There are 2 protein chains.
Amino acid sequence: MMKFDKIEEYILNNIKSDVYLSEEKIESENELAKKFGVSRMTCRKAIENLVQRNYLYKIKGKGTYVKNNENKHIIYLNEAIGFSERTKRENLSAVTNVLQYEERFPSDQISKKLNINKEERIVYLKRLRFINEEPVVVEITYIPKKFVNEKRLNEFFESKYNYALSENYKIKEMQKEYMGVLPNRDIKELLNIKENIPVFKLENTAILENGEIFEYTKAFYNQEKYKFLEILKKDIDKY
Amino acid sequence: MMKFDKIEEYILNNIKSDVYLSEEKIESENELAKKFGVSRMTCRKAIENLVQRNYLYKIKGKGTYVKNNENKHIIYLNEAIGFSERTKRENLSAVTNVLQYEERFPSDQISKKLNINKEERIVYLKRLRFINEEPVVVEITYIPKKFVNEKRLNEFFESKYNYALSENYKIKEMQKEYMGVLPNRDIKELLNIKENIPVFKLENTAILENGEIFEYTKAFYNQEKYKFLEILKKDIDKY
DNA sequence: CAGTGGTCTAGACCACCAG
DNA sequence: TGGTGGTCTAGACCACTGG
């Protein structure tokens with residue numbers, strides 16, 4: 001067992017047995033180093049591991065604190081009608097910020113995902129969505145240009161699915177891929193994540209009734225203050 | 001911009017511009033240190049960050065390699081009929097290993113999740129599931145004892161949902177919570193994960209037609225060789 | 001101002017792997 | 001055996017927070 005393992009175990013035990021209380025400051029790195037007779041770098045490794053596992057967080061110049069993971073708001077993912085609708089019922093204020101919107105030709109990867117050839121133009125859309133003034137999700141959408149009515153861009157920006165409905169594009173199938181990933185610097189900055197902690201990533205492919213792919217979206221969810229649920233109401237034998 | 005940022009950028013550029021090929025060995029930590037005029041620990045930090053973001057992997061005594069994330073097998077999560085069914089159609093061999101099975105009284109947290117009082121007995125079930133001899137998911141299930149027919153434990157172990165069906169427990173609703181997390185040592189060892197990389201975590205609550213909660217399950221999915229998809233076939237306005 | 005965490009150094013010893 | 005990554009050390013300087 002390594003030295004940093006012992007320090008991790010010590011801190012974890014203190015959290016689980018309420019020696020440290022939620023949101024309380026723990027010993028400084030120097031104090032831990034002295035207490036365990038190790039170097040400061042070894043303490044830092046132990047602390048960093050627990051930060052990444054959501055037990056602790058650090059504030060530069062102040063100290064290391066026990067994280068409180070209770071009382072997270074719930075966001076429901078299963079309403080394709082859009083972010084705004086999801087949040088209204090929770091009495092949360094939702095704001096969508098369009099960071100980037102441009103026409104492009106698709107990369108190899110994207111033309112494959114959208115099942116179109118590389119000469120067909122697409123639209124690249126990058127949005128940052130806030131709930132109660134906090135950044136919650138970065139959504140990066142690739143959509144064939146032919147599906148975008150430029151006279152109704154604002155509606156499209158706010159909710160792709162309301163827009164799709166009103167333009168009479170019928171989506172017959174959604175393919176979702178779920179992942180846990182560590183975000184790159186861009187996503188970290190947008191979501192205002194200071195530490196090196198995982199986010200929940202969802203890749204969405206929407207398929208129309210005629211088999212064409214309406215959109216491909218990558219979404220990065222900030223797990224700091226929200227949790228992400230889906231409710232499936234079905235007879236079990238229809239799954 | 002920190003020194004380790006520059007080394008990260010250098011490595012990332014080499015990957016993206018195919019200077020490093022997939023599965024190829026990159027410079028050793030000592031070589032990078034010399035090339036950038038920094039200490040070895042600084043190189044290690046840059047490499048560790050890219051390992052955590054799935055660009056690299058390390059083998060002790062050998063070196064650091066570029067990871068290939070193509071060609072992952074697909075596992076479908078939306079068939080509650082069970083792991084075995086999901087994998088058959090992909091021509092993958094599925095094995096379930098029961099690591100632990102015991103009666104318990106629920107903790108505060110679990111009695112809340114199952115909506116039962118703390119005097120009601122539950123069953124704790126910990127399973128490790130393999131596909132093609134590789135560990136893919138750890139499932140930890142909490143289920144009220146009253147729902148477990150001890151004469152049919154083997155069927156129950158293999159597929160809770162086939163079992164539920166055959167015992168006439170009708171599930172009306174599934175509540176799923178999605179997360180990205182860094183696994184603790186136990187999960188890492190079971191899934192044979194060497195590096196400090198995120199897994200995909202799914203928490204499942206199954207609700208019966210009479211409102212009782214049939215089970216609460218935490219599942220940790222190894223993203224190394226598989227990806228996890230769900231297909232929703234619906235009219236968009238029924239979401 | 002003293003204390004905190006963030007970065008970085010130039011070493012050290014170890015276990016592991018290959019030839 | 002020489003090279004690799006894994007752990008650890010005993011320093012250093014910095015930027016930031018609070019009193």
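Values in this document were obtained by computation on a predicted structure and should not be read as measured data. Throughout, a chain's letter reflects where its sequence line sits, starting with A, and its residues are numbered from 1.
The cationic group of K201(B) does not satisfy the cation-pi geometry with F220(B), failing either the under 6.0 Å distance to the six-membered ring centre or the 45° limit from the ring axis.
Atom CD of E133(A) is surrounded by 12 or fewer heavy atoms from other residues, nucleotides or ligands within 6.0 Å. Around the NZ atom of K34(A), the shell of radius 6.0 Å holds no more than 12 heavy atoms that belong to other residues, nucleotides or ligands.
In terms of position along DNA chain D, the nucleotide closest to K3(A) lies nearer the 5' end than the nucleotide closest to the other residue of the pair K3(A) and K60(A). Taking for each of I59(B) and E48(A) the nucleotide of DNA chain C with the nearest heavy atom, the 5'-most of the two is the partner of E48(A). For the pair G61(A) and G37(A), both in contact range of DNA chain D, the more 5′-proximal nearest nucleotide belongs to G37(A).
In this structure, CD of E29(B) is placed 14 Å from C1' of dC8(D), rounded to the nearest angstrom. Distance CG (L32(B)) to C1' (dT4(D)): 13 Å, rounded to an integer number of Å. Rounding to whole angstrom units, OH of residue Y57(A) and C1' of dG5(C) are separated by 14 Å. Atom CD1 of I26(B) and atom P of dG3(D) are 18 Å apart (whole Å). One interatomic measurement links the two molecules: CD of E8(B) to P of dT7(C), which rounds to 11 Å at whole-angstrom precision. As a whole-Å value, the separation of R40(B) CZ from dC8(D) P is 13 Å. dT7(D) atom C1' lies 8 Å from atom CE of M41(B), rounded to whole Å. If you take CZ of F36(A) and P of dC8(D), they are 13 Å apart, rounded to a whole angstrom.
Between Y65(B) and Y57(B), the two ring planes are parallel [angle under 30°; tilted spans 30° to 60°].
Side-chain N/O atoms of S28(B) include one lying less than 4.0 angstrom from OP1 or OP2 on dT4(D). Using a 4.0 Å cut-off, some side-chain N or O of R44(A) falls inside it from OP1 or OP2 of dG6(C). Distances shown here put a side-chain N or O of K62(B) below 4.0 Å from the OP1 or OP2 atom of dA18(C). Using a 4.0 Å cut-off, some side-chain N or O of T64(B) falls inside it from OP1 or OP2 of dG5(D). At dT4(D), none of the side-chain N or O atoms of K58(B) fall inside 4.0 Å of OP1 or OP2 (strictly under the cut-off). An OP1 or OP2 oxygen of dC8(C) is reached within less than 4.0 angstrom by no side-chain nitrogen or oxygen of K45(B). Within the 4.0 Å cut-off from OP1 or OP2 of dT9(C), at least one side-chain nitrogen or oxygen of T42(B) is found.
Using a 4.0 Å heavy-atom distance criterion, M2(A) is classed as a sugar-phosphate-only contact. No engagement by I47(B) is indicated, since no non-hydrogen atom pair under 4.0 Å with the nucleic acid exists.
Figure legend. dG19(D) is base-paired to no nucleotide; pairs are counted as Watson-Crick or G-U wobble with both atom distances under 3.5 Å. With a cut-off of 3.5 Å on both Watson-Crick or G-U wobble distances, the partner of dG19(C) is given as none.
When each of Y226(B), Y178(B), F228(B) is tested with Y221(B) by the rule ring pair (Phe, Tyr, Trp, His ring centres under 6.0 Å), just one qualifies, namely F228(B).
Nearest heavy-atom pair, K225(A) versus E134(A), reported as atom, atom and distance to 0.1 Å: NZ-OE2, 2.9 Å.
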